[in-house]
Visitor: 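Dropping a structure here in structure tokens format, bear with me for questions.
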Amino acid sequence: SIENEASSNGTPIIQQACNYEGPIGQTWMELPGVDEYVYIQSTTGLCLHQHGNSLNDGDPITGWECVDQPNVRWKVAPYDLQDELPIDSP
């Protein structure tokens, strides 16, 4: 969720239980990106963003305007829950 349903750059993304009544901070959509990558945008207008313009493990995820930078691009990979493997793995 976008913390407090805010729309300011740098707003933290927080983990919380789903509320199926659809608060705007918990509603997301996939937008076309570059090559196989997409942007994941909240209905607040912010996109998922690995904070600090880096690609390091453990960096915080925040909401940010949807800019064309590597730390705002995401790859959605199908996953087989039964075998716990990406679908395209051997």
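Since we're looking at a predicted model, the values are computed, not measured.
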Visitor: Do you know the tightest heavy-atom contact between T44 and S7?
Guide: O-CB, 3.7 Å
Visitor: Is Y37 reachable from V72 through a run of I, L, V, M, F, W or Y residues, each pair having side-chain heavy atoms under 4.5 Å apart?
Guide: no
Visitor: Can you measure from CD (E5) to OG1 (T11) and round to the nearest 0.5 angstrom?
Guide: 11.5 Å
Visitor: Is Y39 close to V67 at the side-chain level, that is, under 4.5 Å between some pair of heavy atoms?
Guide: no
Visitor: Which other residues end up in the same hydrophobic cluster as V38, if Ile, Leu, Val, Met, Phe, Trp and Tyr are linked when side-chain heavy atoms come under 4.5 Å apart?
Guide: I2, I13, W28, I40, L46, L48, I61, W74, V76
Visitor: Going by the salt bridge (charged side-chain N to carboxylate O under 4.0 Å, His left out) test, which pairs reach into residues 50-65, not counting sequence neighbours?
Guide: none
Visitor: First locate atom OG of S42, then atom CE of M29, and finally report the distance between them rounded to the nearest 0.5 Å.
Guide: 7.5 Å
Visitor: What is the minimum heavy-atom distance between N71 and H49, and which atoms define it?
Guide: ND2-NE2, 3.1 Å
Visitor: For the residue pair Q41 and C47, what are the closest heavy atoms and their distance?
Guide: CB-SG, 3.8 Å
Visitor: Listed by chain and number, what are the salt bridge (charged side-chain N to carboxylate O under 4.0 Å, His left out) partners of D68, not counting sequence neighbours?
Guide: R73
Visitor: Which pair of heavy atoms, one from G45 and one from C66, lies closest together, and at what distance?
Guide: O-SG, 4.1 Å
